[in-house]
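Structure, as structure tokens:
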Amino acid sequence: MQFGIFSVSDVTRDPVADHTPDDTERVRNMLTIARHADEAGLDVFATGEHHNPPFVASSPTTMLGYLAGVTKNITLSTATTLITTNDPVRLAEEYAMLQVISDGRMDLMMGRGNTGPVYPWFGQDIRQGIPLAIENYALVRRLWTEDVVDWEGKFRTPLQGFTSTPRPLDGVPPFVWHGSIRSPEIAEQAAYYGDGFLHNNIFWPMSHTRQMVRFYRQRYEHHGHGRADQAIVGLGGQVFVRPRSQDAWDEFRPYFDVAPVYGHGPSMEDFTRDTPLTVGSPQQVIDRYGAFVEEVGYYQRQLFLVDHAGLPLKTVLEQIDLLAGEIVPELRKIVEAKRPDGVPADPPTHAERVAAAQAAGEATATHVGDAVDPYTGTVAEEAAL
């Protein structure tokens with residue numbers, strides 16, 4: 001199983017230090033957090049996408065492209081790529097470019113987002129959210145897998161003889177997750193294509209998470225991609241950890257009590273009981289998250305939210321160290337012991353996807369122009385690379 005962190009990029013006042021970072025400070029802190037996660041040995045860093053205050057992550061590919069150049073091992077991903085309000089042509093181009101820049105060390109999660117006003121800002125109607133997600137993603141896939149595309153749909157202008165550039169690395173598109181917390185249509189979409197499904201359940205009880213993941217697994221098998229337990233699943237979560245449980249509760253409570261992300265609603269006690277939020281010692285996190293496979297079956301990616309609610313950068317980096325040093329090694333052992341035979345341990349890597357495509361005869365040239373030499377009319381050698 002992969003373990004990593006994700007950021008929603010909220011700009012929130014630190015109630016203890018009485019400090020609110022400006023946008024520049026918050027963006028730079030996110031870059032520091034991602035680099036630290038890589039150095040600590042975590043598997044994934046993911047950023048959300050928002051286009052409104054108090055969030056700053058409006059350009060995931062810019063951030064992840066920079067991180068591709070300054071990190072070594074960590075998989076770079078999105079916690080949401082807005083499939084509904086972004087032009088699918090730009091999505092195909094930008095994430096293929098990120099795939100090339102990162103040498104395949106990336107994937108992305110398509111989602112509709114949770115900010116209603118974003119739809120009219122980008123010329124769309126929120127009432128068309130599901131149809132937009134379905135049509136736009138279908139076009140993205142065609143742009144990645146077909147060299148020349150003729151297309152006509154409902155939500156954007158037609159395409160005639162269009163080639164998206166750059167072509168996907170090694171002729172194989174990035175691995176895609178579909179994220180949804182409440183829409184079975186999105187779980188169905190993930191299952192139909194054989195893509196991953198990530199249920200970012202940070203505000204939801206396990207009973208709901210179990211239901212959504214079960215539905216996705218059933219539909220994955222129905223569409224012929226493999227056994228239900230072989231479907232690629234990810235979960236969200238959030239933790240605040242200190243060596244002593246009471247210290248964690250005392251330190252995190254002022255942040256929880258005033259953070260807009262928690263809505264000034266249920267108490268911290270209620271929230272930790274009813275959602276994956278876990279405040280306590282490393283062993284308490286290990287015990288709780290190690291049991292999630294009993295609820296949803298073995299899954300391939302667990303992401304933690306650790307940089308929210310106004311927590312200072314120093315504290316966030318300490319949380320990453322506790323995760324990487326004390327929690328993740330134990331979780332790896334616990335969940336691996338529960339993995340059934342034939343179930344993938346992790347999401348597919350780029351190299352694995354290339355090998356599978358080559359075995360199926362589906363890998364193509366990485367640049368359409370490389371396929372035929374314009375002067376001789378012969379197939380260029382680069383086409384086989």
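The analysis underlying the following values was restricted to heavy atoms, covering all of them including side chains, and did not include hydrogens, waters or symmetry mates.
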Taking [X] for the side chain and [Y] for the main chain, is one N or O donor matched with an acceptor at less than 3.5 Å?
{"X": "Glu135", "Y": "Lys154", "result": "yes"}
{"X": "His199", "Y": "Val233", "result": "no"}
{"X": "Gln230", "Y": "Gly342", "result": "yes"}
{"X": "Asp170", "Y": "Val172", "result": "no"}
{"X": "Thr278", "Y": "Pro276", "result": "yes"}

State yes or no: do [X] and [Y] share one hydrophobic cluster built from I, L, V, M, F, W and Y residues joined by side-chain heavy-atom distances below 4.5 Å, directly or via other members?
{"X": "Ile33", "Y": "Leu31", "value": "yes"}
{"X": "Leu91", "Y": "Leu64", "value": "yes"}
{"X": "Met206", "Y": "Met212", "value": "yes"}
{"X": "Leu317", "Y": "Val328", "value": "yes"}
{"X": "Val16", "Y": "Val241", "value": "yes"}

If we count only N and O atoms by modelled type, under 3.5 Å, do the side chains of [X] and [Y] hold a donor and an acceptor together?
{"X": "His208", "Y": "Asn201", "value": "no"}
{"X": "His51", "Y": "Ser58", "value": "no"}
{"X": "Asn86", "Y": "Glu94", "value": "no"}
{"X": "Glu25", "Y": "His19", "value": "yes"}

Please step through side-chain hydrogen bond (donor to acceptor under 3.5 Å, both in side chains) for the pair Tyr95 and Thr61, ending with a clear verdict. CA-CA 7 Å; Tyr95 284 95; Thr61 53; 5.5 Å; no
Is there a side-chain contact between [X] and [Y] in this structure, where contact means two heavy atoms from C-beta onward sitting under 4.5 Å apart?
{"X": "Phe240", "Y": "Tyr255", "result": "no"}
{"X": "Phe45", "Y": "Thr75", "result": "no"}
{"X": "Thr163", "Y": "Val149", "result": "no"}
{"X": "Thr80", "Y": "His50", "result": "no"}
{"X": "Met109", "Y": "Val176", "result": "no"}

Residues two or more places apart in sequence or in another chain: which of them pass side chain to side chain contact (heavy atoms under 4.5 Å, CB included) with Ser183?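 Side chain to side chain contact (heavy atoms under 4.5 Å, CB included) check on Ser183 returns Arg112, Ile130, Ser180, Glu185, Ile186.
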Ionic contact status for [Y] with [X], cut-off 4.0 Å:
{"X": "Arg273", "Y": "Asp270", "result": "yes"}
{"X": "Glu146", "Y": "Arg141", "result": "no"}
{"X": "Glu269", "Y": "Arg253", "result": "yes"}
{"X": "Asp147", "Y": "Arg167", "result": "yes"}
{"X": "Asp247", "Y": "Arg244", "result": "yes"}
{"X": "Arg301", "Y": "Asp107", "result": "yes"}
{"X": "Glu318", "Y": "Arg242", "result": "yes"}

Intermediate values then yes/no, side-chain hydrogen bond (donor to acceptor under 3.5 Å, both in side chains), Thr12 and Asp10: CA-CA 6 Å; Thr12 303; Asp10 60 309; 2.7 Å; yes
Verify side-chain hydrogen bond (donor to acceptor under 3.5 Å, both in side chains) between Gln284 and Ser245, making sure each step is shown before the conclusion. CA-CA 8 Å; Gln284 287 174 303; Ser245 178; 2.9 Å; yes
Check against salt bridge (Lys or Arg N to Asp or Glu O under 4.0 Å), Asp38 and Lys72: CA-CA 7 Å; Asp38 180 50; Lys72 295 181 179 179; over 6 Å; no
When rounded to the nearest 0.5 angstrom, what is the spacing between [atom1] in [X] and [atom2] in [Y]?
{"X": "Ile5", "Y": "His36", "atom1": "CD1", "atom2": "NE2", "result": "9.0 Å"}
{"X": "Met106", "Y": "Ile74", "atom1": "CE", "atom2": "CD1", "result": "14.0 Å"}
{"X": "Ser77", "Y": "Gln2", "atom1": "OG", "atom2": "CD", "result": "9.0 Å"}
{"X": "Leu108", "Y": "Thr78", "atom1": "CG", "atom2": "OG1", "result": "4.5 Å"}
{"X": "Leu82", "Y": "Asn136", "atom1": "CG", "atom2": "CG", "result": "11.0 Å"}

Suppose the criterion is ring-ring contact (aromatic ring centres under 6.0 Å, His included): which pairs have a residue in residues 128-168, not counting sequence neighbours?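 Those involving residues 128-168 are Tyr137-His178, Tyr137-Tyr193.
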Compile the donor-acceptor pairs under 3.5 Å between side chains in residues 304-313 and protein atoms, sequence neighbours left out, one pair per line.
residue	atom	partner	partner atom	Å
Asp307	OD1	Ser7	OG	3.4
Asp307	OD2	Ser7	OG	2.8
Asp307	OD2	Arg26	NH1	3.2
Asp307	OD2	Arg26	NH2	3.2
His308	NE2	Tyr262	OH	2.6

Salt bridge (Lys or Arg N to Asp or Glu O under 4.0 Å) evaluation trace for Arg217 with Glu221: CA-CA 6 Å; Arg217 290 189 185 279; Glu221 183 172 294; over 6 Å; no
Go through Phe292 and Tyr299 one step at a time and tell me if the ring pair (Phe, Tyr, Trp, His ring centres under 6.0 Å) criterion holds. CA-CA 9 Å; Phe292 282 1; Tyr299 59 106; 7.1 Å; no
The test is side-chain hydrogen bond (donor to acceptor under 3.5 Å, both in side chains); show your working for Thr349 and Arg105 and say whether it passes. CA-CA 8 Å; Thr349 65; Arg105 188 163 49 93; over 6 Å; no
Does Gln211 CD have over 12 foreign heavy atoms under 6.0 Å away?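 No, because the 6.0 Å sphere around CD of Gln211 holds 12 heavy atoms or fewer from other groups.
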Step through the shown structure and confirm whether more than 12 heavy atoms of other residues, nucleotides or ligands are within 6.0 Å of CZ on Arg28.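 12 or below, so no.
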Classify the ring geometry between Phe175 and Trp177 as parallel (under 30°), tilted (30 to 60°) or perpendicular (over 60°).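 Ring orientation, 0 to 90° scale: perpendicular.
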